Amino acid sequence: MSTFTIIGGGIAGASIAYHLAKSNHDVTVYDRSDAGQATAASAGIICPWISQRRNKKWYSLVTEGARYYPDFIRELEAKTKQSTDFRRNGAICLFKDKHIQQLAYERISAKQEGSPEMGEVRKLTKEEVKKMHPHLTDYYPAVYVEGGGQISGRSLLNALKEAIIYYGGKWINQTIAPDSCEGTVIYTAGAWSGEYYSNPDVRHQRAELLHLKIDGKAPMKQTPVVMGLGPMYIVETDLNQYAIGTTHEDTEDFSITPSIENQDYLHGEAQRYFPDTEIHDQFMSVGLRPFTRDSLPYIGYTKDGVFVVNGLGSTGLTCGPVIGREVAAYLSGKETVLNLNDYAY
Ligand SMILES: Cc1cc2nc3c(=O)[nH]c(=O)nc-3n(C[C@H](O)[C@H](O)[C@H](O)COP(=O)(O)OP(=O)(O)OC[C@H]3O[C@@H](n4cnc5c(N)ncnc54)[C@H](O)[C@@H]3O)c2cc1C
C-alpha cells in the first residue's frame, strides 16, 4: 500500500483517487471547488468518434475512454447507489448539405471497425430526425451515431467522492501546498495549475453554455445529443430543458461572469436548431477548460514525488475515467492498456 495526496478534485483527480482507493492505497484528495471548475460546467458529451481531429495519441485516449465508460459507470453506480445521469441515447450529427453529410458518414463509418462500441452509424431521413427529437429542426442532413452518450459532470463527481470515501480514502474541501503533502503528490489542478508549477504549461479557455427551457407540447425525455454545425452542440438536461454551447475564449482571466453577448449569440443558435418553439433562457454556466501543449493531456512525473495530470481540454469528461484507471495501474506498478509515455514530455 502506498500513500498519495491528490491536489484538485475535478474529473482528473477524482478518477485517479477512486481507482487508487479501490486498489487499497492510502488516498487523500484536497479540493477547493473553484468557481469555473471545468468538470461541473461540462456538457458531458461522450462521442469521440465523430471528431475530425487526426492526432492518434488523443484518439487512442478518448476512444479507450468511451469504451471504458459503461463498465466504469455500472460499477460506480452499483457501489454508491447514486445516479451519474449517464445515458447512451446516441448522437445526431448535423451537416450543412448532403455532400458534407456523405463525406462525414464515410469518415465516421470507417472508424467502426476499430471502435465497435460506437454502434450503428446511419444517415437519417427528416422523418427519423423528427421522431428521435421532435423539437429539433429537420432542415440539416443528419447522421446518427448509436453509441453517443452524455453524463452529468457534477453527479459523476458526487458519486466518485462517495466511492472514494467508501474505499477508505479521504476528501478534504480545502487546499494544501504540495511540499506539505504526504507520499506521492498527484497534481490535478486544472486551470489553476500555474499556482504551484510552471511545468507543464497549462493555459485555459473560458467556455459558456446557455441553459434553456422550451415550450413542448410533446415533452421528450432522453433525446440524443445533437452535434450541430461547427462547434455547436445541444444536450438535454431535463424534461424539455437543454444546454447549448459552447463559446471558446483563450484567456488568462479567471472570471466566470457570463457575457450578455455570448448569451445572445447562444440564444440565436438555439432558435436555429429549435425553430418552431418558444425558448426561455434559464441561466448561463461558465467553465475554464485546461489545455497543455499540442492540446494533448499531460500525464507523468514532473519532478521527484510529483505526478501531474492536466490539459484534458474539451474531451476531459470522455477520457477522465480511463486516465484514472491507467494512472492508478501505472502508479501501482501494474501493466497499463495505454502507453502513458505518449502523454509525458
Ligand atoms: C463548458 C464546458 C463544456 C465541456 N464539455 C465537454 C464535453 O461535452 N465532453 C467532454 O468530454 N469534456 C467536456 N469538457 C471538458 C472537461 O470538462 C474538462 O476537460 C475536465 O473537466 C477537466 O477536468 P480537470 O479535473 O482537469 O479540471 P477541473 O474540473 O477544472 O478540476 C480542477 C479542480 O482542482 C481544484 N484546485 C485547483 N487548485 C487547487 C489547489 N491548490 N488546492 C485544492 N484544489 C485545487 C479546483 O478547485 C477544481 O475543483 C467541457 C468543459 C467545459 C468548460
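All values reported here derive from a predicted model rather than from experimental measurement. All ligand and atom numbering here is 1-based and tracks the order in the structure. Below, each value reflects all heavy atoms present in this structure, side chains not excepted, and no hydrogens, waters or symmetry copies.
Some N or O of Thr39 is nearer than 3.5 Å to an N or O of ligand 1, by distance alone. Checked against a 3.5 angstrom limit, the closest N/O atoms of Thr175 and ligand 1 fall inside it. When only interatomic distances are considered, the shortest N/O to N/O separation between Ala12 and ligand 1 falls below 3.5 Å. Close N/O approach between Ala43 and ligand 1 is found [any backbone or side-chain N/O within under 3.5 Å]. Polar contact with ligand 1: present for Arg32 (N/O pair, distance under 3.5 Å).
By the 4.0 Å heavy-atom criterion, Gly245 is excluded from the residues contacting ligand 1. Within the 4.0 Å heavy-atom cutoff, Ser33 counts among the residues contacting ligand 1.
Residue contacts with ligand 1, taken as heavy atom pairs separated by less than 4.0 Å, involve Ile45 via backbone and side-chain atoms alike. Proximity of Val286 to ligand 1, defined as any heavy-atom pair under 4.0 Å, is not found for any part of the residue. Looking at Ala191 against ligand 1, nothing comes within 4.0 Å, counting heavy atoms.
Among protein heavy atoms, atom 6 (C) of ligand 1 sits closest to Ser42 OG, 3.2 Å.
Counting all heavy atoms, side chain and backbone alike, Ile46 lies closest to Pro48 at C-CD, 3.9 Å.
The ring pair (Phe, Tyr, Trp, His ring centres under 6.0 Å) with Tyr301 is formed by just one residue from the set Tyr187, Tyr345, Phe307, Tyr343; it is Phe307.
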